[in-house]
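One structure is given below, encoded as structure tokens.
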2 protein chains.
Amino acid sequence: MRSRFKPAVKLDDVAAHSGVSPSTVSLYMRHPDKVSAKSAEKISRAIEELGYVRNKIASQFTGGARLSMAVIVPSVANIIFGEAVQLIEKIVSEEGFQLLIASHNHSLEKEEAQVRSFLEWSPAAIALAGPEHTDATIKMLQQSGVPVVQMWQVEGQRFPAQVGVDHFSIGYHATRYLYETGCQKVAFFTTRFEEDVRAGKRYTGYLKAVAEQDQLPIVVNVPQSDNIYTATRPLLLKTMIKERGLDGIVASNDGIGAALLIEAADKGIAVPDKLSVLGFGDFPISAHLAPASLSTININAPCIAETTGKMMLRMNRDIDYQGDIVDVGYEIIPRGSTRLVI
Amino acid sequence: MRSRFKPAVKLDDVAAHSGVSPSTVSLYMRHPDKVSAKSAEKISRAIEELGYVRNKIASQFTGGARLSMAVIVPSVANIIFGEAVQLIEKIVSEEGFQLLIASHNHSLEKEEAQVRSFLEWSPAAIALAGPEHTDATIKMLQQSGVPVVQMWQVEGQRFPAQVGVDHFSIGYHATRYLYETGCQKVAFFTTRFEEDVRAGKRYTGYLKAVAEQDQLPIVVNVPQSDNIYTATRPLLLKTMIKERGLDGIVASNDGIGAALLIEAADKGIAVPDKLSVLGFGDFPISAHLAPASLSTININAPCIAETTGKMMLRMNRDIDYQGDIVDVGYEIIPRGSTRLVI
DNA sequence: GTGAAAGCGCTAACAT
DNA sequence: ATGTTAGCGCTTTCAC
């Protein structure tokens, strides 16, 4: 078969061209300082002249050393995951690893397929979001022996390496915060209710806080859309009419929170006096919304990413290291959309 | 050396376990329908029982068939690129390719390193953003013979495969649009002025339109920040004071445009009468900004991504196909922040 | 510090 | 439809 690819220059060619043996060139590629200055000079010139590109496929095949790491998140199009992935990439690539990235849009079946497909590349470590996976995923991971770190959600003991926050606790304290700042009746606005497990965790926390107040929960599931504002806005009045006395909303993310504030301003609903809103994620615009800026909960995503990257690296390096459980915590950022704590 | 990885089950093990030869198993892995139903049955059971995972490294090494494709964008944390990457991933993974992703934050040197590192994995195709690359990058790409698709910016003839828009034209027509809707003095707000080449292209288009009006250009470079709103807002009044009579702004993206509108509302500047703003990118919030929504320019990013993915696939499949130049175009979306065309 | 030789796990002729 | 064989490009002992 004809090929558009030029016949590749091989390590053997470099060896021939520079007058040393292939194994010396190989040694030079991996540890340049372990060959004599004279050989190094000749080899590097040959590489330059020939335009040699090392074949990592062959390297990993032969040497067995794993050259990639993998990360699977629900969505790279989501800014929070996008930034995290970018940071992890930076960290692991500095140690020479190729980062493999995939996203499954909250589908555990797609995640399973992606884990399978990544395993075929023999990665040195894998990072996954949350503790929920199909049985087959778990089984493959265990069989492979590839170190895995559970990201975002700290929960359960399936994986001894976990970096993230406890979303249940966030949902609980977010709701408590609204009650403590004077709300009587609090609803939970979310999107992708069934699929987004971490939002689901926050919802469970909300449920507990609501139950403690002897109230009935109110959930609003914003339909999926490519414009969260357009999808969310009409639901505010609808919900307030249906649920008389509603005066507080925990939003599953700042996109929904911002949409709610925009709609409230448009309809003349006084924030925070008639309606308090607490978001999640501290989006850039949240502090700039007017007339009321959006109170929110911030988790330290860069810290999660950095810790995850470093943990993958360490688990790969140190075979006795099983990983740690690190909860990076969160903070409530009070702004104009909630009342001051009394 | 001790290893945490379980000794892998190999194709030979599957063959032994199922009582057929390794090549039959290999055939089954690649074309399940080309082995007899009986063998297929035995093999699939053996795979199941043994938990066999195919070794793609060995596959690609032996077979020569390239199993991955690569895409390099300025930033995956940028929503527009994040979505595009996700779409490309979907498209190429459906044909069995592993998508390799990297981002370099507008650094051509980092891009060069990433191209080098991707080439080591022998990808079947590579997609890059824009026509600007280091000489070494170009040379490596040519030497390798790997098909490359130039994304986002359609320009030049280095690569016969290009999918995107003409950012120069966008900058030019955006500026013309403001003049045509009654603006007298138009400025250009951007960020990362030196690095973001596509924003630079739009700026060049702006320059042309301004020159045609016999005006002097006004550029404002928003300092880099993790919050574009915070960075942009203070610059509005400063610029309006310095440039008396300024009544139109072309914003390099909707983040800056939104920040400008928020600041204008806060300071009581009438939009669009005293100030018109035209953004770029049609962010979800743009249509929902109040009191004036943000007029913007929309490029069909999903179309760029999809076309790029398909073109990579086709270039890999059909050796005679050199790619096409496809300009997906753009549209101006008039909203509240610009006057109606007279 | 350097070279010779063996072999990693799979695929691709080719023969049957 | 299935088995036999050779070998992909590199790394890794092990001598020298």
Side-chain angles (χ1 to χ4, degrees), chain A residues 1-3 5-44 46-47 50-68 96 119-122 144, chain B residues 1 3 5-44 46-47 50-68 96 119-122 124 144:
Chain A
M1 161 183 155
R2 239 164 12 120
S3 164
F5 306 104
K6 317 283 189 329
V9 176
K10 307 188 282 192
L11 186 142
D12 283 0
D13 300 328
V14 175
H17 195 86
S18 54
V20 300
S21 80
S23 54
T24 304
V25 178
S26 172
L27 190 60
Y28 172 82
M29 294 303 294
R30 287 166 296 129
H31 308 285
D33 45 325
K34 292 205 172 165
V35 303
S36 67
K38 198 159 53 72
S39 299
E41 157 65 15
K42 284 190 293 187
I43 294 169
S44 80
I47 289 174
L50 265 30
Y52 172 65
V53 176
R54 180 185 191 177
N55 183 335
K56 282 234 171 151
I57 298 286
S59 294
Q60 170 161 345
F61 175 53
T62 302
R66 288 157 187 253
L67 270 23
S68 65
L119 252 18
E120 298 180 343
W121 291 88
S122 303
S144 71
Chain B
M1 161 184 156
S3 165
F5 305 104
K6 315 284 190 332
V9 176
K10 307 188 281 193
L11 187 142
D12 283 359
D13 300 329
V14 175
H17 196 86
S18 54
V20 300
S21 81
S23 60
T24 304
V25 178
S26 173
L27 190 61
Y28 172 82
M29 293 305 293
R30 288 166 297 131
H31 309 284
D33 45 326
K34 291 204 174 164
V35 303
S36 68
K38 197 159 56 72
S39 298
E41 156 65 15
K42 285 191 293 187
I43 293 169
S44 81
I47 289 174
L50 265 30
Y52 172 66
V53 177
R54 179 186 192 176
N55 183 337
K56 282 234 171 151
I57 297 287
S59 294
Q60 169 160 347
F61 175 53
T62 302
R66 289 157 188 253
L67 272 22
S68 64
L119 251 19
E120 297 180 344
W121 291 89
S122 303
S144 71

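Protein chains get the first letters and strands the later ones, always in sequence-line order, with residue 1 at the start of each. For the numbers below, each heavy atom of this structure counts, side chains included, while hydrogens, waters and symmetry mates do not.
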Nucleotide-resolved protein contact map, nucleotides 6-16 of chain D, B/S/- at heavy-atom distance under 4.0 Å: -BBBBBB----

pair B:Phe5-A:Arg66: side-chain heavy atoms closer than 4.5 Å: yes

Side chain to side chain donor-acceptor pair (under 3.5 Å) partners for B:Ser68, two or more places apart: none

Set of residues satisfying side chain to side chain donor-acceptor pair (under 3.5 Å) with respect to B:Ser18, sequence neighbours excluded: none

Side-chain N,O (B:Ser21) to OP1/OP2 (D:dT2) below 4.0 Å: no

Partners meeting side chain to side chain contact (heavy atoms under 4.5 Å, CB included) with A:Lys56 (sequence neighbours left out): A:Leu67, B:Glu120, B:Trp121

Terminal contacting nucleotides, 5' and 3', DNA chain C versus chain A (heavy atom, 4.0 Å): C:dG1 to C:dG9

Listed once per pair and sorted, the salt bridge (Lys or Arg N to Asp or Glu O under 4.0 Å) pairs that draw on residues 14-41 of chain A, sequence neighbours left out: A:Glu41-A:Arg45

Partners meeting side chain to side chain contact (heavy atoms under 4.5 Å, CB included) with B:Tyr28 (sequence neighbours left out): B:Pro32, B:Val35, B:Ala40, B:Ile43, B:Ser44, B:Ile47

Side chain to side chain contact (heavy atoms under 4.5 Å, CB included) partners for B:Lys6, two or more places apart: none

Interatomic distance where CD belongs to B:Glu41 and C1' belongs to D:dT2 [whole Å]: 18 Å

With B:Ala58 via side chain to side chain contact (heavy atoms under 4.5 Å, CB included) - residues at least two apart: A:Phe61, B:Asn55

